[in-house]
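Values reported hereafter were calculated over all heavy atoms of this structure, with side chains retained and with hydrogens, waters and symmetry mates removed. Keep in mind that what you see is a predicted model, and the values were worked out from it rather than measured.
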Amino acid sequence: SYLLYFCPLMEFKSSEVESKWRLFWEQNQIYKVSNNSSKQKYYVLDMFPYPSGSGLHVGHPLGYIASDIFSRYKRMQGFEVLHPMGFDSFGLPAEQYAIQTGIHPSLSTARNINRYREQLDNLGFSFDWSRQVSTSDPSFYKWTQWIFIQLFHHWYDQDRSQARPIDELIRIFDTQGNAGINAAHSPGPPFTASAWQNFSEKSKSDILMNYRLAYRKEAFVNWCEALGTVLANDEIKDGVSERGGHPVERKPMTQWFLRITAYAERLLNDLNTVDFSESMKIMQSNWIGRSTGAQLFFELHGFGKKLEIYTTRADTIFGASFMVLAPEHELVSKITTPAQQASISTYLQFVNTRSERDRMSEAKEVTGAFTGAFAINPFNGKKIPVWIAEYVLKDYGTGAIMAVPADDARDMAFAKKFDLPIIDIIDKSMYPGATIEDKLGRMINSEFLNGLEVPEAIELISGKIEAMGLGKKQINFKMRDANYSRQRYWGEPFPIVYNLDGVPQTLPLEELPLILPELDDFKPSANGKAPLSKLSSWVNLSNGFTRETDTMPGFAGSSWYFLRYMDPGNERELASPSAIEYWKDVDLYVGGTEHAVGHLLYSRFWHKFLYDLGYTFTPEPYKRLLNQGKIQGISESVFLQKEKENGSYIFVSKPLKQEDSEFITLHVPIEYIKDYGSTMPYLDKSGISQFLDFMPDYREALFRTEQGDFTSKELPADSKFYTHSELAKMSKSLYNVINPDAVVAEYGADCFRLFEMFLGPLEQSKPWDTRSIDGVGKFVRRFWSLFVQDSGIHCSAEQASAEELKILHKCIKRVTEDLERFSFNTCVSQFMITSNELKGLSCNKKEILEPLLRLLAPFAPFLTEELWHMMGNHQSIHLAGFPVVDNQYLIERIITYPICINGKKRGTADYPADADVPALEALTLNLDFVQKWLDGSVPKKVVVVPGKMINLVL
RNA sequence: GCCGAAGUGGCGGAACUGGUAGACGCGCUGGACUCAAAAUCCAGUAACAGCAAUGUUGUAGGGGUUCGAUUCCCCUCUUCGGUACCA
């Protein structure tokens with residue numbers, strides 16, 4: 001034992017080992033990916049991060065670790081694996097930061113990227129960093145601008161279901177006008193070929209705008225005064241901006257839009273061809289929101305005008321007792337009668353003063369006004385009053401509806417409030433559970449529809465509407481065209497100039513990228529114009545033309561970045577055709593659900609557009625999508641009570657807190673807490689003094705503990721002041737962020753990776769459990785000690801026993817299967833089991849340990865690389881093959897069957913694995929304990945489940 | 001409100017097509033080593049009853065199918081995620 005003191009055991013020193021192998025991998029370009037490989041390709045993509053100022057916390061790398069494990073696994077299996085990483089570096093936070101601090105976004109972004117890069121490198125990822133992209137890099141956004149130009153120069157042909165060049169559309173206009181064209185377009189008047197030829201250049205440009213896939217239009221936008229910009233619908237939560245929670249109001253502005261609605265049908269249908277989770281597909285299809293219905297015209301009594309509505313329930317037309325227009329509907333001013341003028345104006349004023357926020361928070365409140373006009377029911381000639389109301393939306397359908405109170409809850413509420421007639425038209429008595437909205441029941445009070453079931457009635461009347469020329473069948477989508485303009489600085493400038501008539505023109509490829517100019521003042525102008533508009537030398541060109549001053553939104557760069565990774569240095573194309581041909585699409589995409597409807601839809605749209613133009617070769621960009629859950633934190637807080645008499649403060653230890661008194665809750669930085677993560681975390685005396693340094697306002701406060709009330713100085717040394725734990729997200733404001741760097745420094749990157757996987761299923765959200773990481777740490781040490789003893793590696797060349805081979809191959813089998821179904825947590829469990837089993841056998845045989853090492857390599861790249869080299873290998877383990885299971889070692893010779901009587905286990909018996917069912921039956925009936933139980937009688941049935949169990953039914 | 005997912009020990013979670021529920025890890029209890037602590041190792045750990053063998057109850061609650069249900073079907077409750085006047 002004396003000797004042992006002087007002969008230190010060889011330990012696994014993670015920090016030394018990690019830096020050594022990181023350097024080795026870099027010098028030997030282990031993770032360099034080739035575009036000219038003869039191997040089969042596999043593309044594993046992570047959703048690239050926005051490099052925020054606060055760096056990574058332990059939640060961010062979860063998905064990256066999973067994708068890294070999978071990439072390494074595929075690479076070891078012999079695939080050429082593209083596993084790149086980059087940065088989504090344009091966006092609001094950097095700009096907000098710039099406004100506050102004056103530091104230019106490009107500087108803070110570069111700094112943040114470096115920090116992210118460092119943190120990522122710490123975790124041993126196998127990214128090919130030579131392919132890194134950043135969306136704010138001009139060599140990258142050159143192609144973002146280029147794609148926008150392509151969108152501008154294309155229109156969508158519904159008949160061919162394809163984007164086509166705008167020149168072809170002009171040729172069609174020249175020869176036949178716009179009458180016979182089935183294009184995705186904004187509303188506009190019909191015109192003939194000769195009319196087209198006589199239009200001015202300006203008018204032609206305006207008309208073409210209605211067809212372009214990137215177009216300008218005046219629209220109500222979500223204007224956020226506090227942020228000084230318009231926001232997309234998905235940047236608003238509950239009527240306030242998602243970032244900052246500022247109020248949002250509606251404001252008309254001329255904006256760029258992308259005609260994503262042209263692709264709605266394909267975006268919906270092609271969901272069937274991709275491997276996304278069911279809930280993800282449902283989220284997307286709800287967002288697209290396809291509905292089949294009918295366009296229907298109502299004569300307006302005494303105006304010689306027609307009112308166009310959209311309905312999915314044409315069958316209910318005999319129950320239509322009023323019409324409703326959206327307040328912004330263009331006919332409102334034209335049809336309002338003098339008598340109703342006052343009340344309509346009052347209502348319109350009311351609507352205008354209401355922000356989006358008010359509308360949403362009082363969604364159930366019924367408001368509206370009567371225009372004085374009447375529409376004529378085309379089927380029975382009845383006069384129907386026309387109302388306006390907030391609950392009808394301008395942007396959906398035609399912005400006008402026929403209201404059928406008997407069959408629609410909203411119309412019903414409206415009819416009740418304003419005392420309008422309710423005509424019963426569907427008898428639902430035979431469908432007891434059916435709600436008002438269900439398409440079930442039998443028609444009544446509906447003339448020729450009477451007696452029909454609802455679906456039959458819809459069918460019949462739709463046919464009649466078309467035959468009578470009253471309208472036609474129509475498909476509608478909830479999805480709107482994407483607003484593509486931001487009145488912001490830190491984004492891609494539009495490659496657009498306006499001529500003297502204000503007609504937009506695109507820049508030629510030679511002038512791309514249009515570099516975002518330097519600017520000192522990033523604040524938006526008061527009039528809502530973008531910061532770039534202040535830079536007149538940039539805006540105004542020598543020929544009198546002006547530049548577009550808005551910038552592109554956050555989703556621009558992220559809509560196509562995965563293509564750039566294929567060929568990031570290319571200066572002539574977004575990526576070379578041969579590179580795209582080789583990599584094609586993403587085989588596995590890993591990221592959070594929060595991008596379900598935003599990023600994923602936009603990028604699928606762009607990819608389809610590029611597919612139409614022949615730049616990409618698959619209709620969908622992502623074959624398979626895996627959504628990782630979030631890692632939650634635990635926040636710690638203390639209860640503070642203010643004494644009524646003298647205004648002094650007293651902190652109350654959690655167990656002493658009385659339910660009825662009022663408390664202020666203050667969050668405590670988790671690093672001051674003792675027993676963090678246990679059921680009874682507390683502050684000790686030094687923790688309290690740290691906390692008071694952090695919140696000096698309460699320096700004089702008393703602390704109430706079991707031992708009594710004390711000031712912080714008087715506290716007994718052993719006192720425990722208990723705090724309150726809550727599951728919460730990790731956030732700076734709750735002081736509960738856990739930095740991966742600290743965990744890596746303490747436990748090593750391998751342990752960190754294994755632990756994040758071990759926490760639970762990847763797709764599930766789960767709390768970071770600081771304490772149980774020790775278990776994984778123990779595994780790493782035990783695994784190490786399988787290979788290393790005292791002075792070094794101690795593997796023997798001895799032949800492995802059948803038992804040992806079985807343990808190994810069981811592990812290979814389980815881990816391979818679990819990897820294929822992305823069950824990483826059970827992989828780690830299996831490694832622990834196997835390592836314990838081998839430990840129990842004192843197995844140190846190379847024949848077993850070497851394949852086991854390769855099996856673990858994707859999970860623990862540093863540890864396995866170190867051991868691999870200690871065993872005498874000179875090449876990286878990550879270039880070695882992944883072990884293959886040999887089932888011959890797993891064959892069971894004897895199987896222990898549980899023997900049950902009426903489902904209850906009564907004993908066991910060992911039978912040969914290959915025994916057939918009749919033989920098993922016969923052997924079982926002869927068992928002593930079975931005979932005792934049967935006691936002479938014969939069982940009704942013997943159920944034999946080969947390999948599993950035998951059950952006798954008496 | 002609607003759509004979706006999920007509810008298993010003190011905790012995170014296993015159980016792949018119905019077949020001995022609670023693998024693996026944390027925590028806890030006891031023991032070994034130690035002057036002592038840490039570390040490490042060994043044993044135990046769903047609940048109830050029992051010295052024990054063992055028995056009974058148990059996968060949110062209720063019902064059903066089955067020889068057998070955490071798994072399949074119906075109803076109810078709870079939690080989380082998405083969405084919100086879409087005609």
Side-chain angles (χ1 to χ4, degrees), chain A residues 234 238 277-287 289-291 293 309-313 316 324 359-360 362-366 389-393 395-404 407-411 413-414 435 437 476-480 593-594 596-597 627 629-630 677-679 754-755 758-761 763-779 781-782 785 814 817-818 820-821 823 825-834 836 839 896-905 908 939-943 945-954:
Chain A
D234 35 301
D238 304 323
S277 71
E278 233 18 67
S279 61
M280 180 65 49
K281 289 184 182 182
I282 287 166
M283 263 187 245
Q284 289 206 19
S285 60
N286 284 348
W287 188 262
R290 184 185 198 273
S291 72
I309 62 126
Y310 172 75
T311 179
T312 56
R313 295 298 304 275
T316 62
V324 187
R359 275 199 180 196
M360 287 194 183
E362 300 161 27
K364 294 289 162 268
E365 196 184 315
V366 181
E390 262 185 335
Y391 84 89
V392 173
L393 306 175
D395 293 332
Y396 183 74
T398 61
I401 62 159
M402 65 174 194
V404 184
D407 203 53
D408 183 291
R410 293 155 303 168
D411 297 346
F414 196 84
T435 65
E437 315 279 349
N476 255 337
F477 295 94
K478 273 201 248 181
M479 186 167 66
R480 307 291 143 77
T593 13
E594 64 272 22
V597 287
N627 297 113
K630 294 193 184 80
S678 76
T679 46
L754 286 163
F755 179 62
F758 184 68
L759 272 176
E763 272 143 305
Q764 215 167 286
S765 287
K766 55 237 157 188
W768 176 263
D769 181 356
T770 307
R771 310 183 113 205
S772 54
I773 192 169
D774 287 335
V776 180
K778 220 179 277 181
F779 161 73
R781 281 196 297 277
R782 281 159 157 248
S785 70
R814 278 293 305 270
E817 282 171 2
D818 289 352
E820 286 295 340
R821 60 188 180 104
S823 179
N825 55 332
T826 51
C827 287
V828 180
S829 292
Q830 187 57 47
F831 282 121
M832 291 176 173
I833 295 167
T834 304
N836 281 341
K839 198 101 197 169
T896 302
Y897 280 81
I899 312 289
C900 305
I901 292 167
N902 283 342
K904 297 250 152 61
K905 186 189 156 197
T908 59
K940 267 192 259 164
K941 198 155 89 174
V942 181
V943 183
V945 185
K948 300 280 186 184
M949 69 119 62
I950 296 166
N951 188 28
L952 307 167
V953 185
L954 298 186

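In this structure, A:W768 places its CH2 atom 14 Å from C1' of B:C26, rounding to the nearest Å. Rounded to whole Å, atom C1' of B:C24 lies 13 Å from atom CG of A:L754. If you take CZ of A:R781 and C1' of B:A38, they are 12 Å apart, rounded to a whole angstrom. For A:I282 and B:G4, the CD1 to C1' distance is 6 Å, given to the nearest whole Å.
In this structure B:U20 sits in no base pair that meets the Watson-Crick or G-U test at under 3.5 Å. The partner of B:U40 is B:A32, judged by Watson-Crick or G-U wobble contacts that both fall below 3.5 Å. As the counterpart of B:A46, B:U57 is assigned, both hydrogen-bonding distances of the Watson-Crick or G-U wobble pattern falling under 3.5 Å. Nucleotide B:C77 has B:G7 as its partner under the Watson-Crick or G-U criteria, with both atom distances under 3.5 Å. The base-pairing partner of B:G1, taking Watson-Crick or G-U wobble contacts with both distances under 3.5 Å, is B:U83.
Annotated as syn: B:G9, whose glycosidic dihedral is within 90° of 0.
Of the side-chain N and O atoms in A:R771, none sit less than 4.0 angstrom from OP1 or OP2 of B:C11. An OP1 or OP2 oxygen of B:A14 is reached within less than 4.0 angstrom by a side-chain nitrogen or oxygen of A:N825.
Across the P atoms, B:G1 and B:G12 are found 28 Å apart, a figure rounded to whole Å. When the P atom is used for both B:U45 and B:G7, the distance is 26 Å, rounded to whole Å. Taking the C1' atom of each, B:A39 and B:C33 are spaced 11 Å apart, rounded to whole Å. Taking the C1' atom of each, B:A47 and B:U59 are spaced 13 Å apart, rounded to whole Å.
Among the atoms of the strands shown, only primed sugar atoms or phosphate atoms (P, OP1, OP2) are found under 4.0 Å from some heavy atom of A:Q764. Contacts of A:R814 with the nucleic acid, taken as non-hydrogen atoms under 4.0 Å apart, are absent. A:P761 comes within 4.0 angstrom of the backbone, heavy atoms only, and of no base. A:N836 comes within 4.0 angstrom of sugar-phosphate atoms only, judged by non-hydrogen atoms across all strands, and of no base. The residue A:D395 sits apart from the nucleic acid: no heavy atom pair falls under 4.0 Å. As judged by a 4.0 angstrom heavy-atom cut-off over every strand, A:S772 is placed among residues touching the sugar-phosphate backbone only.
Taking only side-chain atoms of A:F758, from C-beta outward, the nucleotide of B:U83, B:G12, B:C42 with the closest atom is B:G12. Residue A:M832 places its side chain closer to B:G25 than to any other of B:C42, B:G25, B:C85. Comparing B:C3, B:U83, B:A87 by their nearest atom to the side chain of A:N286 picks out B:C3. Comparing atom distances between the A:S291 side chain and each of B:A15, B:C24, B:A87 picks out B:A87 as nearest.
Pairing each heavy atom of A:Y310 with each of A:G293, the nearest pair is OH-N, 3.3 Å.
Nearest-nucleotide positions on RNA chain B for A:I833 and A:Y310 put A:I833 closer to the 5' end. For the pair A:I401 and A:V776, nearest-nucleotide mapping onto RNA chain B gives the more 5' position to A:V776.
Contact check on A:D774 versus A:R771 returns no salt bridge, with no Lys/Arg side-chain nitrogen under 4.0 Å from an Asp/Glu carboxylate oxygen.
Note: A:W287 and A:F477 fail the aromatic proximity criterion, with ring centroids not under 6.0 Å apart.
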